[in-house]
Number of protein chains: 2
Amino acid sequence: MILTVTLNAALDITYRVPRLCPHTTHRVTEVTERPGGKGLNVARVLAALGHRTIATGFAGGGTGAALRALLAQESDVTDALVPVGGATRRTVAVVDETSGDTTQLNEPGPTVSPAEWDTFLGAYRELLGDARAVALCGSLPPGVPVDVYARLTRAARTAGVPVLLDTSGEPLRRGLAARPDLAKPNADELAALTGSTEPLRAARDTRRRGAHAVAASLGADGMLAVTADGIWQAAPPRRIAGNPTGAGDSAVAGLLSGLVEGLPWPDRLTRAVALSAATVRAPAAGEFDTETYEELLPRVVVTDHPSAA
Amino acid sequence: MILTVTLNAALDITYRVPRLCPHTTHRVTEVTERPGGKGLNVARVLAALGHRTIATGFAGGGTGAALRALLAQESDVTDALVPVGGATRRTVAVVDETSGDTTQLNEPGPTVSPAEWDTFLGAYRELLGDARAVALCGSLPPGVPVDVYARLTRAARTAGVPVLLDTSGEPLRRGLAARPDLAKPNADELAALTGSTEPLRAARDTRRRGAHAVAASLGADGMLAVTADGIWQAAPPRRIAGNPTGAGDSAVAGLLSGLVEGLPWPDRLTRAVALSAATVRAPAAGEFDTETYEELLPRVVVTDHPSAA
């Protein structure tokens, strides 16, 4: 099975309003709720691709119960979330129906106690025993040590399980030093980490910081992979319009499923880019439009990067 | 005891953000949750004043469970909410810490089935048997008939229980026709109902539509009561700065406790205005600042309205 870790899972709530006007009162016309947090989005896409997938991390309170009920109801992901005393955070996305734009409000998440953190570490090590790969995803809730991804990466490497790391800021910087098999930053995260807005330079720098390979998601430009075997850029055949939320998480699912299936790099990137674009066409993160995915799969353009020569 | 009815109870969530910028992502710095909905605010203030208070209406889902837990934890209100299959709505107040302004997002609420509605009516009639007064408050969830407040008013009058009605729009219009003892519109509701922005004219018109008495809340101008015994205006001694959310609900609690205690109209208005102003100084609806309340109580200015002569 494939294991995904979501330390700061979320109940994702979407509100549609006719028009968002700050400092006034709005009647919300439509409310939708979904299991959220990067690792859970990755898990849902992996499960939809047919991979046996287990999701761990923390969940608690009424919002945690709602999240777990939705996860059970809407996916084949096995729930191995560790109970926590605090309540799982909510994220609220307010969609302005006039402009189509979204305003996002993200709660910080529950404070995790040292005892809860210990319980999680035990559960994580046990789950690694059966894992073919693990994805470490997203931001940290209060109370979790900032070098958590370094610790989780080392535990996975000790167990011989390949690690994909998808986070940002200090947790990314620290995590890279533990030498994960693959890091998947986006353009903003690359720039924040390395100070360079030139993707190839930044991805190479990221690799030097410890990741065995770096696959950077570059929005409409697709993905750039810098690996020991070469450098590739994969791009969708055309610009896909829609909601980009979760596109990066679907790319992680594409990369990880390709790794587990032993696909060569260009095929992993093709899958990641097609899934990512198909997610832009789906209503929410953790979902993808099957038709778009199948249509794009043979059409993604992969180029050997000239500077690899 | 005093009974309050909240058909569309809410879990009130407040988010503080450094600055609200539409179409961007915000980290919420502070999250607070409180039991919400006008009737529950009224009940909490009544209980804080020492009145035995029972709250009924509907509650359901994880949000309903959270609401009930908070109500039990934070007040002496007896919970007689009727379970409903759908989830209690959330309201989200986003406080911009730079400007101090609030942007409000209100969910519509759960759809109430005919069977749930019947169960509620039975519970309501039973509770009336022990009630000295009843407050019918707030908006309606989907599925509840628009003439609901007329029905609930008639049932209370049949049981000999005085009725205070605090709602707006069509439910107010229909409710007035059933002759409640007291209606408490605010200036906007009066204007929407009668087409007049002149409070005295509008309050008199509202009384002609069926209410035995009308006590209109006029924000910083206090309250205007048009009754069979006379017309009074009550005003705080000075402008009170703060958050006006829930000020009208506290006024309802003041009026209703005064009615039950047999106070004369000027004393009821004094209490309503002092409570209302003390709520402006409290962090949330359903709460009031005791010191401000006690300081204002002897200082509210009540005037016999000249046009009553």
Side-chain angles (χ1 to χ4, degrees), chain A residues 8 10-11 13-33 59-70 86-96 98-111 139-142 168-169 188 244-245, chain B residues 8 10-11 13-33 59-70 86-96 98-111 139-142 168-169 188 244-245:
Chain A
N8 210 2
L11 181 64
I13 301 170
T14 302
Y15 287 161
R16 298 187 77 86
V17 297
R19 190 191 179 97
L20 180 65
C21 305
H23 315 145
T24 68
T25 296
H26 306 75
R27 278 176 200 262
V28 173
T29 50
E30 194 188 298
V31 182
T32 51
E33 292 186 4
T63 43
L67 160 71
R68 299 179 85 152
L70 288 168
T88 292
R89 72 192 171 118
R90 286 167 289 228
T91 73
V92 177
V94 184
V95 179
D96 178 322
T98 306
S99 69
D101 284 324
T102 297
T103 304
Q104 186 78 36
L105 298 152
N106 296 340
E107 297 185 10
T111 299
S139 65
L140 305 183
S168 58
D188 288 347
T245 312
Chain B
N8 210 2
L11 181 64
I13 301 168
T14 303
Y15 287 160
R16 297 187 77 86
V17 296
R19 192 192 176 95
L20 180 64
C21 304
H23 315 143
T24 69
T25 295
H26 306 76
R27 278 177 201 260
V28 174
T29 49
E30 193 189 298
V31 182
T32 52
E33 292 188 4
T63 44
L67 161 71
R68 300 178 84 152
L70 288 168
T88 292
R89 70 193 173 118
R90 284 168 291 230
T91 73
V92 177
V94 185
V95 179
D96 178 321
T98 306
S99 69
D101 285 324
T102 297
T103 304
Q104 185 77 36
L105 298 153
N106 296 338
E107 297 187 10
T111 298
S139 65
L140 306 183
S168 59
D188 288 347
T245 311

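These numbers come from a predicted model, not from an experiment. Just so we're on the same page: letters track the sequence lines, and every chain starts at 1.
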Participant: Could you give me the CA-CA distance, side-chain angles and deciding distance for D96(B) and H23(A), then say whether side-chain contact (heavy atoms from CB on, under 4.5 Å) is met?
Facilitator: CA-CA 9 Å; D96(B) 178 321; H23(A) 315 145; 4.1 Å; yes
Participant: Examine whether an atom of V94(B) lies under 4.5 Å from a heavy atom of chain A, and if so say whether it belongs to the side chain, the backbone or both; otherwise answer neither.
Facilitator: side chain
Participant: Quick check on side chain to side chain contact (heavy atoms under 4.5 Å, CB included): which of T91(A), T102(A), T103(A), N106(A) does T25(B) satisfy it with?
Facilitator: N106(A)
Participant: Do V31(A) and P108(B) come within less than 4.5 Å of each other through their side chains, counting heavy atoms only?
Facilitator: yes
Participant: Picking from T24(A), L20(A), V17(A), which has the most non-hydrogen pairs under 4.5 angstrom with chain B?
Facilitator: T24(A)
Participant: What's the separation between atom CG in L105(A) and atom CD1 in I13(B), rounded to the nearest 0.5 Å?
Facilitator: 11.0 Å
Participant: Is S99(B) in contact with chain A via its backbone, its side chain, both, or neither, using a 4.5 Å heavy-atom distance?
Facilitator: side chain
